Structures are given as C-alpha cells and as structure tokens.
Amino acid sequence: MNYLPVFVTVQERTCVVVGGGAVARRKVGYLHQAGAAVTVVAPTLDPELADWVRTGDVTHRSQDYAAPVLDGAMLVIAATDDRAINAAVARDAQAT
C-alpha cells in the first residue's frame, strides 16, 4: 500500500478540491463539516456544490485546473473523472 490513512486538523485551513461532480461534493462536505476553508476548482459544479458557493460556505474558481490554484493549500484533493488531471494535481501538490 502506498498510502496511509491519517487524521489532520483542517479547521480554518485552506483546502482545495479539484473537480465539481459527485465525488468532489462528498469530499467538500467532509471538509466543510470539519471547518476547512474550501476552494473548489472546476468549470462547472454539481447543483449542491453550487448551492454551497451561493451561500458562501465554499469558494469556487470557475476554471480548468492549473497548478497555481494549489498555492497556499494545506490539503489538496483531486476529484475529477479525468485520470490525467488527477495525476497532474497529485504531481503538482507533491512539488509544493
């Protein structure tokens, strides 16, 4: 196994979720419940994610993924349905 489950305090910390679909919605929900400052990066959003953005619970960057969106994030989650984008997110997050 290449990964180890860990617990981290994300309250008031910047967390970036790349992707705007159902998987991203689930991850954002967990982060939001834990008090994280969540930014979602995706051109389009699942309706529930869009509601969270409208209420100000989540920040949205309506754009395709680019490495600079990770600047300042303590936690990054790749949650797209595109393996190449997810791999780029992982590579870029490890480089920062």
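Computed from a predicted structure; not experimentally measured.
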Please table the atom pairs, donor to acceptor, closer than 3.5 Å between any side-chain atom in residues 24-33 and protein atoms at least two apart or in another chain.
{"residue": "Arg25", "atom": "NH1", "partner": "Asp46", "partner atom": "OD1", "Å": "3.4"}
{"residue": "Arg25", "atom": "NH1", "partner": "Asp46", "partner atom": "OD2", "Å": "2.5"}

Inset, instruction - Report yes or no: does His60 contribute a side-chain atom to a donor-acceptor pair with the main-chain N or O of Ala50 at less than 3.5 Å? - result: no

Inset, instruction - Grab the two heavy atoms, one from Ala42 and one from Gly20, that are nearest each other, plus how far apart they are. - result: CB-N, 3.5 Å

Report yes if some heavy atom in the side chain of [X] is under 4.5 Å from a heavy atom in the side chain of [Y]; otherwise report no.
X     : Y     : answer
Ile77 : Cys15 : no
Met74 : Thr14 : no
Val40 : Leu45 : yes

Indicate, with yes or no, if [Y] and [X] share a hydrophobic cluster defined by side-chain heavy-atom contacts under 4.5 Å among Ile, Leu, Val, Met, Phe, Trp and Tyr.
X     : Y     : result
Val38 : Leu75 : yes
Val23 : Leu49 : no
Val6  : Val10 : yes

Inset, instruction - Step through the shown structure and confirm whether more than 12 heavy atoms of other residues, nucleotides or ligands are within 6.0 Å of CD on Glu12. - result: no

Inset, instruction - Please report the C-alpha distance between Tyr65 and Asp82 in whole Å, then the side-chain angles of each, then the deciding distance to 0.1 Å, and finally whether the side chain to side chain donor-acceptor pair (under 3.5 Å) criterion is met. - result: CA-CA 11 Å; Tyr65 172 72; Asp82 185 316; over 6 Å; no

Legend entry - Gap between atom CG of Leu70 and atom CG of Asp92 - 0.5 Å precision: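 The CG atom of Leu70 is 6.0 Å from CG of Asp92, to the nearest 0.5 Å.
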
Inset, instruction - State which residue, out of Asp51, Val17, Thr39, Val53, fulfils the side-chain contact (heavy atoms from CB on, under 4.5 Å) condition with Val58. - result: Val53

